[in-house]
Engineer: 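Pasting in a structure now, in structure tokens, and then I'll have a few things to ask.
Both backbone and side-chain heavy atoms feed into the values below; hydrogens, waters and symmetry mates do not. Order of the sequence lines sets the chain letters (A, B, ...), proteins ahead of strands, with each chain counted from 1.
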Protein chains: 2
Amino acid sequence: MNLPLHPAKASVQAIAERAQDHVDATRLATSLVALAAFGGRDDGGVSRETLTDIDLAARRHLIAQARALGCQVGIDDCGNLFFRRAGQRDLPPVLTGSHADTQPVGGKYDGAYGVLAGLEVIAALNAAGIETLRPVEVVSWTNEEGSRFGPGAMGSSAFVDPSRLAGYREAADQGGVRFGDALDAALADSDDVTRVPMARPMAACVELHIEQGPMLEAAHVPLGVVTGIQAVRWFEVTCVGTMAHAGTTPMAVRRDAMAVAVAIAQELYSMASRDTGASTTPGAPELRLTLGRWAVAPNSVNTIPGRVTFTVDMRCLDDAVLDHAEAALRATCLRLASSPDAVTVSRFFHRTPTHFPESMLGPIERACARASAQAGRAQPIRLTSGAFHDAMYLADHCPTAMIFVPSKGGISHNAAEDTDSAELFLGVQALAYTVAELASREP
Amino acid sequence: MNLPLHPAKASVQAIAERAQDHVDATRLATSLVALAAFGGRDDGGVSRETLTDIDLAARRHLIAQARALGCQVGIDDCGNLFFRRAGQRDLPPVLTGSHADTQPVGGKYDGAYGVLAGLEVIAALNAAGIETLRPVEVVSWTNEEGSRFGPGAMGSSAFVDPSRLAGYREAADQGGVRFGDALDAALADSDDVTRVPMARPMAACVELHIEQGPMLEAAHVPLGVVTGIQAVRWFEVTCVGTMAHAGTTPMAVRRDAMAVAVAIAQELYSMASRDTGASTTPGAPELRLTLGRWAVAPNSVNTIPGRVTFTVDMRCLDDAVLDHAEAALRATCLRLASSPDAVTVSRFFHRTPTHFPESMLGPIERACARASAQAGRAQPIRLTSGAFHDAMYLADHCPTAMIFVPSKGGISHNAAEDTDSAELFLGVQALAYTVAELASREP
């Protein structure tokens, strides 16, 4: 039994549906191809690291595209670009977008898709003749990737907390160029663009992104409602033994740093598979464990390793799981150390989980459901993001959430990154619905 | 009840004892200090890689020292230096010696001790007025260490099988210098030295060396009778997985190359400790297992390793133990590989065990027993060598054996390498006895 919606709700829903239905697949595809030409590679990938000449050219291209759509263009002190479509009232805007920079060798869609999707939403609103209550802004964040200047997500994190910017300005790339100097050059390049304040109030933020993982593809689902971003903790485990001759040193007197490191690593892998059951259920609070970086000294065939260092990357949406895993890591290291100082554990980075609010997930779910149903595709699933995104920082600033589209083979940060064009289209449809609804709600 | 020895034996034993008793501690210490000055370092170590200017100067020093002792000096096509003390008859000589080259940073005694011990034996024979039946030759082998030009033990292995030399000549150091060119320069530098043939018959060979391991020190024994040299097999294990994002990739779909490598490594360590009981009994056929060199790609904190390679160094005096261990390694890799080509094992070096003959061990044991008893020290023990030595190749050529003196802390290939001077003295006493006995026996 379908009850009629509350008139105001019905009106908002009608606006959202009209916006969704005016997303144009050809216009989107053309827009994606045009931006991918900036730093485009023969292998299909894109090399467009932040604030390089290629990136600056791409920024000018985006500004021109936004102006052609009737947007006001603004830039803040961290070089974040904002493309604003006015609303009926000058309320805090609904923000969407992502980043246009890439890894040294990246794909066409990581970040760029979210920015161009935002511009396509504006094109759809224009085509539908919709005047939203609130302004809609599309953002292209500076330096999300962090590959040229660390850390990543500089633009979004500085927007949320501008005190971060002074430190970021001192970061230097491998050629010795300071981020601050590259940023100043980009700002000078945009001297025809209005400077807008950082940390401005935003009504909400929605980021559309490729999943960069295999969950949606495995589930044969074109759209994912992202409920949050996993917590992460990074550790360095250092095992110290005694470097000695592989031939002359009896097993009983060895202090083999690699034997200790392997025993610890094996216990960690066992813990991860035991505690999580290696669940494939999307959204389950699985512990993800990666021992990614290793250094062995002296690293010689016939010398017993005297020192082994390896990193532990632990992630889970549930911080309590990481509390448990960290305690287990520390206990394992203590237990397997031959002497109190033979194994040390240091935590060098951590971030608590991001939980996107249900107030955001509802509209996104409705938007994804309608787009998927119209396309005859499976209904959306909820999942968490294993990777960081600009939305992680925006969540500290305003109600925020994300939409994912599938990544073929889960591949990203790679020229082989790809997403089916029909799924890219559905993602923008869902975004248009969500943005139109959020921008049409009474405060 | 002591039975009188056979007159001939008694005579040989008397000669051997007289030689032993004429070893001079001060003369030996002076000789060791003098050679250590060539490449001597402030930290007490020695940097004298083969055929460097420093090594050529050390060779001239040794030649002068040998001539001062009345020796004839010869050099062969591989630059091996022979210092010959004539015997009553022109029979194949008894050979002793070792090598004078060092690791990039080595100690004062690794190799040098064996060469200078040989010259001290000649000094003792001179002082005792002994004319041996056979000639005695002291050798200083070229490039035992193999650090500048690989492989090691070039001089001794080429002496035994001169067909090896042509290949060795093509080896180049990091500066691009060919071994053949460096060798020709050394031969030119020794143009006043008689060229002697390679692969000449030798009656026997005894090499005195520091243990480079902890067994003698742990047993509080100053002299070890080396019964053989362990067999060795070197493997490279390559685990191939799929490089992927540490955050976005669920545990169940990972193909983590490091997780597989760690599981294999853990099984190997378990096998080694289970199969050998990690015996401390000197001479027991213990399996020694070292996983020394690791390469991880892409070796990044937040990327699941896509490729891990590690080396396996297996040693044992009993080749059957290595047969078993190799089979276990291959079975473990097969069992833990997620697909047939996910783990590959390649054996890139092996050497069967060297067993020194009892005909050599007897005289050495008597020599060591007498020297130890006179010094009020514990009786010699039998042990095996975990490291390679020139004697390993000479064993293919003539009856060969070795004597070990302790290494403090088992340390070698290090400036901190050290041996007590009283133990260095006992080693030369034992060598003098052994050489004198072997050189005095009727053919």
Side-chain angles (χ1 to χ4, degrees), chain A residues 211-215 218 229-230 232 234 243-254 256 258-259 262-263 265-266 269 272-273 276 278-280 286-296 298-305 308 310-311 313 315 349 385-388 407 410-413, chain B residues 211-215 218 229-230 232 234 244-254 256 258-259 262-263 265-266 269 272-273 276 278-280 286-296 298-305 308 310-311 313 315 349 385-388 407 410-414:
Chain A
E211 182 197 337
Q212 301 180 274
M215 307 284 278
I229 297 178
Q230 290 180 111
V232 63
W234 283 356
M243 191 183 98
H245 194 296
T248 61
T249 314
M251 297 303 280
V253 305
R254 293 184 179 212
D256 184 335
M258 182 52 85
V262 161
Q266 181 69 356
Y269 287 128
S273 81
T276 70
S279 169
T280 50
E286 166 181 82
L287 172 65
R288 290 183 182 158
L289 180 83
T290 305
L291 315 184
R293 193 175 69 200
W294 291 68
V296 180
N299 213 33
S300 159
V301 179
N302 58 348
T303 305
I304 300 162
V308 175
F310 64 95
T311 56
D313 174 315
R315 307 197 191 205
F349 177 73
S385 172
F388 297 162
S407 291
I411 296 166
S412 73
H413 291 189
Chain B
E211 182 197 338
Q212 302 180 274
M215 307 285 277
I229 297 179
Q230 291 181 112
V232 64
W234 284 355
H245 194 297
T248 62
T249 315
M251 297 302 280
V253 304
R254 293 185 178 210
D256 185 336
M258 182 52 85
V262 162
Q266 182 69 356
Y269 286 128
S273 80
T276 69
S279 170
T280 50
E286 166 182 80
L287 172 64
R288 291 183 182 159
L289 179 82
T290 305
L291 314 183
R293 192 175 69 199
W294 291 67
V296 180
N299 214 33
S300 158
V301 179
N302 56 348
T303 305
I304 298 162
V308 175
F310 64 94
T311 56
D313 173 314
R315 307 199 190 204
F349 177 74
S385 174
F388 297 163
S407 291
I411 296 167
S412 73
H413 291 191
N414 192 309

Engineer: Given the options B:Val262, B:Val308, B:Thr303, B:Val232, which has more heavy-atom pairs under 4.5 Å with chain A than any of the others?
Structural biologist: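 Heavy-atom pair counts peak at B:Val262.
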Engineer: What closest approach, in Å, do A:His245 and B:Arg315 show between heavy atoms, and which atom pair accounts for it?
Structural biologist: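 Taking A:His245 first and B:Arg315 second, the nearest heavy atoms are CE1-NH1, 4.0 Å.
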Engineer: Name the region of B:Trp294, side chain, backbone, both or neither, that has any atom closer than 4.5 Å to a heavy atom of chain A.
Structural biologist: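 Both backbone and side chain.
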Engineer: Please state whether the side chain, the backbone, both or neither of B:Leu289 comes within less than 4.5 Å of a heavy atom of chain A.
Structural biologist: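 For B:Leu289, backbone and side chain are both near chain A.
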Engineer: So which of B:Asn414, B:Leu291, B:Asn302 has the biggest tally of heavy-atom pairs under 4.5 Å with chain A?
Structural biologist: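 Option with the greatest count: B:Asn302.
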Engineer: Looking at B:Gln230 and A:Gly247, would you say the former's side chain and the latter's main chain have a donor-acceptor pair under 3.5 Å?
Structural biologist: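 Side chain of B:Gln230 to backbone of A:Gly247, a donor-acceptor pair under 3.5 Å: yes, one is there.
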Engineer: Between B:Ala244 and chain A, with a heavy-atom cut-off of 4.5 Å, which part of the residue counts as in contact: side chain, backbone, both or neither?
Structural biologist: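 Interface part for B:Ala244: neither.
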Engineer: So what's closer than 4.5 Å to chain A heavy atoms on B:Val296: side chain, backbone, both or neither?
Structural biologist: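 Only the side chain of B:Val296 comes within 4.5 Å of chain A.
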Engineer: Picking from B:Asp313, B:Thr311, B:Asn299, which has the most non-hydrogen pairs under 4.5 angstrom with chain A?
Structural biologist: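 Counting heavy-atom pairs under 4.5 Å, the top option is B:Asn299.
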Engineer: Among the options A:Ala246, A:Ser385, A:Gly410, pick out the one with the most heavy-atom pairs lying under 4.5 Å from chain B.
Structural biologist: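 With the most close heavy-atom pairs to chain B, the winner is A:Ala246.
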Engineer: Shorter than 4.5 Å, heavy atoms on both sides: which option in B:Pro305, B:Ala259, B:Ala218 has the most such pairs with chain A?
Structural biologist: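 Heavy-atom pairs under 4.5 Å are most numerous for B:Ala259.
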Engineer: For A:Arg288 and B:Thr249, what are the C-alpha separation, side-chain angles and deciding distance, and is it a side chain to side chain contact (heavy atoms under 4.5 Å, CB included)?
Structural biologist: CA-CA 8 Å; A:Arg288 290 183 182 158; B:Thr249 315; over 6 Å; no
Engineer: Could you have a look at B:Ala265, B:Ser300, B:Ser412, B:Gly213 and say which one has the most heavy-atom pairs with chain A under 4.5 angstrom?
Structural biologist: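 Heavy-atom pairs under 4.5 Å are most numerous for B:Ser300.
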Engineer: Checking side chain to side chain contact (heavy atoms under 4.5 Å, CB included) for the pair A:Tyr269/B:Met258: CA distance, chi angles, key distance, verdict?
Structural biologist: CA-CA 10 Å; A:Tyr269 287 128; B:Met258 182 52 85; 3.3 Å; yes
Engineer: Quiz question: by atom type and distance under 3.5 Å, do the side chains of A:Thr290 and B:Arg254 form a donor-acceptor pair?
Structural biologist: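 Yes, side-chain donor-acceptor contact under 3.5 Å.
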Engineer: Just jot down the side chain to side chain contact (heavy atoms under 4.5 Å, CB included) partners of A:Ser407, sequence neighbours excluded, or say none.
Structural biologist: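 Result, side chain to side chain contact (heavy atoms under 4.5 Å, CB included) vs A:Ser407: A:Ile210, A:Glu211.
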Engineer: Is there a side-chain contact between A:Met251 and B:Ser273 (heavy atoms, below 4.5 Å)?
Structural biologist: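 No, their side chains stay 4.5 Å or more apart.
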Engineer: Holding to salt bridge (charged side-chain N to carboxylate O under 4.0 Å, His left out), I want the full list of residues that pass it with B:Arg293, two or more places apart in sequence or in another chain.
Structural biologist: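 Checked B:Arg293 against salt bridge (charged side-chain N to carboxylate O under 4.0 Å, His left out); matches are B:Glu236.
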